[in-house]
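Report on the structure given below.
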Amino acid sequence: MTLEEKIAHLQTTSMEQARLEGNVIIDTHQAALEKVFEDHKAEATRQSETRIKAEAANAKLSLNQALAKSQLEIKRRQSKIQQELKDKIFEEADALIDEFMKTEAYDDFLIKCIRKAVNFAGNDELTIYINPTDEKKRSDLEDATRVHLTISTEDFRGGVRAVIRSRNILIDNSFSTQLKEQYDKFVFLGGDGIA
């Protein structure tokens with residue numbers, strides 16, 4: 001082999017060796033860059049998922065807060081409307097009581113309450129009060145029951161109150177007490193069965 005051939009062979013071999021080494025360096029560098037890229041992509045994806053979860057949790061919390069506020073406002077409005085309806089119902093009941101007090105059925109009711117109180121008291125001393133608005137009925141009621149009646153100084157709307165002092169008993173058949181008890185107990189039941 002001539003010197004030129006040896007130089008050409010050496011040059012070809014060296015170039016191939018250099019090309020191979022260069023390709024290995026490029027491949028290694030490319031693999032390293034791809035790993036950095038994949039790591040960066042994985043980290044970015046993880047951060048995005050974490051941010052999405054946090055935003056979703058915040059959105060859910062905001063939605064729950066808005067929902068709770070809305071439900072509270074609905075309950076307030078419902079309560080106000082129910083209170084207005086309740087007051088209206090009892091205003092109507094009050095008007096019906098006024099009408100009832102003008103009937104013979106009311107007189108019969110008073111007589112029945114008086115007799116019941118007398119039976120309950122037995123031999124104990126009993127004071128029976130009628131409402132000041134029923135003062136004109138007093139003599140007729142006394143004739144019907146043969147019981148002395150006292151006109152109350154307090155207006156209890158109608159009905160009868162009786163006191164057995166020896167036993168500290170109040171028999172309260174007054175309309176004011178009965179209306180108040182019914183008013184306090186009165187509750188609207190909604191369609192969901194919740195008061």
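Values reported hereafter were calculated over all heavy atoms of this structure, with side chains retained and with hydrogens, waters and symmetry mates removed. Here, residue 1 is the first one in the sequence, and each next residue gets the next number.
Minimum interatomic distance between Ala162 and Leu126 (heavy atoms only, all atoms of both residues): CB-CD1, 3.8 Å. Between Asp172 and Gln178, the closest heavy-atom pair is O-NE2, 4.4 Å. The two atoms that bring Ser152 and Pro132 nearest to each other are O-CG, 3.1 Å, heavy atoms only.
Note on Asp98 versus Arg157: salt bridge recorded, some NZ/NE/NH1/NH2 to OD/OE distance being below 4.0 Å. A salt bridge between Lys69 and Glu73 is absent, with no side-chain N of the basic residue lying under 4.0 Å from a carboxylate O of the acidic one.
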Can Val118 and Thr145 be said to form a side-chain contact (heavy atoms from CB on, under 4.5 Å), step by step?
CA-CA 9 Å; Val118 168; Thr145 59; over 6 Å; no
I'd like to know whether Asp134 forms a side-chain contact (heavy atoms from CB on, under 4.5 Å) with Met101, so could you lay out the CA-CA distance, the side-chain angles of the two residues, the decisive distance to 0.1 Å, and finally the verdict.
CA-CA 9 Å; Asp134 294 327; Met101 289 174 70; 4.0 Å; yes
Tell me, with the steps shown, if Arg138 and Ile130 meet side-chain contact (heavy atoms from CB on, under 4.5 Å).
CA-CA 8 Å; Arg138 179 179 182 177; Ile130 59 172; 4.0 Å; yes
Applying side-chain contact (heavy atoms from CB on, under 4.5 Å), run through Ile81 and Leu85 and close with a yes or a no.
CA-CA 6 Å; Ile81 290 168; Leu85 286 173; 4.0 Å; yes
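Here the CD1-CG distance, from Ile89 to Asp94, works out to 13.5 Å after rounding to the nearest 0.5 Å. Note that the CG atom of Leu149 and the CG atom of Leu110 stand 9.0 Å from one another [nearest 0.5 Å]. Interatomic distance, Arg19 CZ to Thr12 OG1, rounded to the nearest 0.5 Å: 9.0 Å. Rounding to the nearest 0.5 Å places OG of Ser62 at 9.5 Å from CD of Glu55. Atoms NZ and CD1, from Lys137 and Ile111 in turn, are 10.0 Å apart once rounded to the nearest 0.5 Å. Here Glu142 contributes atom CD and Ile128 contributes atom CD1; the two are 10.0 Å apart, rounded to the nearest 0.5 Å.
By the 6.0 Å contact criterion, CD on Glu5 is enclosed, its count of non-hydrogen atoms from other residues, nucleotides or ligands being greater than 12. A 6.0 Å sphere centred on NZ of Lys86 holds more than 12 heavy atoms belonging to other residues, nucleotides or ligands. For Gln83, the CD atom sits in a packed shell: over 12 heavy atoms of surrounding residues, nucleotides or ligands are nearer than 6.0 Å.
Between Arg161 and Cys113, every side-chain heavy-atom pair lies at or beyond the 4.5 Å cut-off. Residues Arg167 and Asp124 have side chains in contact (heavy-atom distance under 4.5 Å, counting atoms from C-beta outward).
With hydrogens and angles disregarded, no donor-acceptor distance shorter than 3.5 Å links the side chain of Ser79 to the backbone of Lys75.
For Arg115 and Phe120, the positive end is not near the middle of the six-membered ring at less than 6.0 Å and at most 45° from its axis.
Among residue pairs with one or both ends in residues 81-104, those qualifying as ring pair (Phe, Tyr, Trp, His ring centres under 6.0 Å) are Phe90-Tyr183, Phe90-Phe186, Phe100-Tyr106; sequence neighbours excluded.
Gln17 and Glu21 share a side-chain donor-acceptor pair at under 3.5 Å.
Val163 forms part of a hydrophobic cluster together with Tyr129, Phe156, Leu170, judged by ILVMFWY side-chain heavy-atom separations under 4.5 Å.
Here the rule is side-chain contact (heavy atoms from CB on, under 4.5 Å) with Glu181, and of Thr177, Leu179, Asp184 only Thr177 fits it.
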Side-chain polar contacts of residues 37-44 - donor-acceptor pairs under 3.5 angstrom, sequence neighbours left out - could you list them?
| from | atom 1 | to | atom 2 | distance (Å) |
| --- | --- | --- | --- | --- |
| Asp39 | OD2 | Lys35 | NZ | 3.0 |
| Glu43 | OE1 | Arg46 | NE | 3.3 |
| Glu43 | OE1 | Arg46 | NH2 | 3.2 |
| Glu43 | OE2 | Arg46 | NH2 | 2.6 |
| Glu43 | OE2 | Gln47 | NE2 | 2.9 |

